[in-house]
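Start at 1 and go down the list; that is how both ligands and their atoms are numbered. Values below: every heavy atom of this structure, side chains too, minus hydrogens, waters and symmetry copies.
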Amino acid sequence: MSDTDSTSQSDTLRTPIVAVLGHVDHGKTSLLDKIRGSAVSEGEAGAITQHIGATAVPLDTVSQMAGSLVKPEDFDLPGLLFIDTPGHHSFSTLRSRGGALADIAILVVDVNDSFQPQTEEAIDILKRTGTPFIVAANKIDTTPGWNPQEGAPIQKTYEEQSQRARSKLDEKLYEIIGELSDRGFSSDFYWRVQNFQSNIGVVPVSALTGEGIPDLLGVLMGLSQRYMKDEMAIDVAGPGSGTVLEVKEERGFGATLDVVLYDGTIRAGDTVVVGGANDPIVTEVRALLQPRPNAEIRTEKRFDKVEEVRAAAGVKIAAPDLEDAMAGAPVRVVGDRDLDEVVREVEAELADIEVTTEEEGVVVKADTLGSLEAMANALQEAEVPILRAEVGDVAPRDVAVASTAREPEHKVILGFNVDVLSNAEAELDKNDVKLFEDDVIYQLVEEYEDHVNEMKRAQQ
Ligand code: GDP
């Protein structure tokens with residue numbers, strides 16, 4: 001690439017990245033499936049594009065699904081990119097430059113269940129990262145007397161429901177609005193919201209019947225177009241920036257990275273810098289891979305090689321030396337910049353992930369940088385000091401570190417979404433170190449707190 005290429009600004013608007021959060025069983029997966037499914041049945045080939053870790057729904061398809069709520073001529077954003085893995089775990093893993101990678105979030109709340117522990121956690125994370133969000137008040141089809149209209153815009157059908165069904169639903173929606181208000185967010189039925197920046201739109205939906213999904217898409221598009229255009233402007237020809245979603249072994253490729261690219265372009269052959277468990281990894285992209293449509297799981301031909309990928313997109317990167325790469329770490333294409341400068345950038349970004357450790361405390365292991373940070377935050381709130389916090393499986397070294405804690409209640413390892421290496425297992429007993437494991441943060445913290453309370457009771 002010549003110098004002039006890299007300095008010329010070719011600003012383009014990229015696709016906003018959308019994440020789905022909410023309590024378990026509130027309907028996150030169903031909602032994503034419904035959006036994908038309706039998109040496919042709406043259009044022919046090309047209605048959606050399946051990326052690694054994400055699904056792109058182009059503006060035309062969004063507009064077909066949303067009907068009069070999204071007129072293509074009113075928009076210059078290219079569509080929406082939905083992160084496929086719902087939940088705040090993947091949300092906090094996907095960071096970019098200290099903030100959230102997702103530009104916008106859908107908080108799914110079951111109208112029958114309202115706010116639950118993971119709804120609270122999701123709200124905390126959204127607040128901390130300053131991510132704009134809308135609420136999908138899900139499962140409205142379960143409202144007594146509700147007369148469902150498959151795939152219809154909700155504002156219209158809401159008006160057409162019986163008085164009884166409407167007031168039943170209103171009661172539940174106002175409960176959600178009240179919960180949001182208790183946490184400092186003003187919100188309203190989306191069709192009464194004038195300014196989506198200061199007011200959160202609540203969209204009643206059913207992931208089962210598809211009711212309200214046109215509105216949900218309309219609000220997402222409108223909000224992005226109106227308030228987020230500046231953030232969507234990227235130098236698409238510039239060197240790519242992304243975040244590692246997952247590090248995966250793939251047959252024939254070795255360790256690979258599932259990456260969400262949020263800026264610029266990445267090409268096969270590019271030199272990239274990736275955040276590693278020890279030092280930044282400098283390597284060369286051997287192949288860029290996308291899922292092959294309808295590929296058989298067991299065949300080796302599960303991926304198609306592509307020459308380049310432009311943001312926003314999900315892609316698998318095959319390259320040497322990726323074993324130590326960490327989920328949640330940054331990926332940067334070097335381009336014609338100075339390699340040392342890019343390495344420093346990656347280091348600075350990793351240093352930005354706040355985990356405060358102390359002289360005395362517990363050992364924390366987590367599967368990704370984002371979850372490590374979320375764990376550290378939760379422990380800080382519970383006033384539990386941390387001696388060491390790292391990404392990775394529980395290894396004998398961690399047991400050795402935990403055993404150096406002075407207080408018996410700190411001779412503990414908290415493992416979030418990680419495995420325990422077999423040679424570490426035996427060490428636990430030998431060193432009198434307790435291990436707690438879970439894949440829900442608040443449960444893990446609760447288990448630890450219960451343990452401490454039990455110890456205290458036993459001492460009395
Ligand atoms: P997740 O854990 O948040 O991803 O929740 P799921 O999408 O797995 O949904 C949990 C359960 O709720 C499943 O049994 C779904 O079929 C059901 N469900 C999800 N959305 C709806 C809805 O809109 N209406 C009804 N009646 N059931 C739903």
- request: Spell out, as yes or no, whether a donor-acceptor pair under 3.5 Å connects the side chain of Gln225 to the backbone of Asp76.
  value: yes
message: When you measure from the side chain of Ser241 to the backbone of Arg332, do you find a donor-acceptor pair of N or O atoms at a distance under 3.5 Å?
response: no
Which residue holds the protein heavy atom closest to [atom], what is that atom called, and what is the gap in Å?
{"atom": "atom 4 (O) of ligand 1", "result": "Thr29 OG1, 2.5 Å"}
{"atom": "atom 10 (C) of ligand 1", "result": "Asp25 O, 3.5 Å"}
{"atom": "atom 7 (O) of ligand 1", "result": "Ser30 OG, 2.5 Å"}
{"atom": "atom 26 (N) of ligand 1", "result": "Asp141 OD2, 2.9 Å"}
{"atom": "atom 5 (O) of ligand 1", "result": "Gly27 N, 3.1 Å"}
{"atom": "atom 27 (N) of ligand 1", "result": "Lys139 CD, 4.0 Å"}
{"atom": "atom 20 (N) of ligand 1", "result": "Asn138 ND2, 3.1 Å"}

message: I'd like to know if atom 24 (N) of ligand 1 has any protein heavy atom within a distance of less than 4.0 Å.
response: yes
Atom 13 (C) of ligand 1: any protein heavy atom closer than 4.0 Å: no
With atoms numbered from 1 as shown, which atoms in ligand 1 lie under 4.0 angstrom from a non-hydrogen atom of [X]?
{"X": "Ser206", "result": "23 (O)"}
{"X": "Ala207", "result": "20 (N), 22 (C), 23 (O)"}
{"X": "His26", "result": "3 (O), 5 (O)"}
{"X": "His23", "result": "3 (O)"}

query: Testing Gln118, Gln116, Lys28, Glu120 for side chain to side chain donor-acceptor pair (under 3.5 Å) with His23, which one passes?
result: Gln118
message: Under 4.0 Å between a side-chain nitrogen and a carboxylate oxygen: does that hold for Glu390 and Arg397?
response: yes
query: Using 4.0 Å as the upper bound for N to carboxylate O, is an ion pair formed by Asp124 and Lys127?
result: no
message: Under 3.5 Å between any N/O of Ile140 and any N/O of ligand 1: does that happen in this structure?
response: no
- request: Determine the interplanar angle of the Tyr158 and Trp191 rings, folded into 0 to 90°, and report it as parallel if under 30°, tilted if 30 to 60°, perpendicular if over 60°.
  value: tilted
task: With Arg192 as the cation and Phe189 as the aromatic partner, state whether NZ or CZ is under 6.0 Å from the six-membered ring centre and within 45° of the axis.
output: yes
Is it the side chain (CB and beyond), the backbone, both or neither of [X] that lies under 4.0 Å from ligand 1, heavy atoms counted?
{"X": "Thr142", "answer": "side chain"}
{"X": "Lys28", "answer": "both"}
{"X": "Leu208", "answer": "both"}

task: Indicate whether the side chain of Glu160 and that of Asn147 have a donor and an acceptor atom separated by less than 3.5 Å.
output: no
query: Would you say the side chains of Thr142 and Asn112 form a donor-acceptor pair under 3.5 Å?
result: yes
- request: Check the pair Arg286, Phe253 against side chain to side chain contact (heavy atoms under 4.5 Å, CB included), reporting the backbone distance first and the verdict last.
  value: CA-CA 9 Å; Arg286 191 175 284 160; Phe253 295 105; over 6 Å; no
- prompt: Can you list the steps and then say if Thr256 with Lys316 is a side chain to side chain donor-acceptor pair (under 3.5 Å)?
  reply: CA-CA 7 Å; Thr256 66; Lys316 184 183 282 292; 3.2 Å; yes
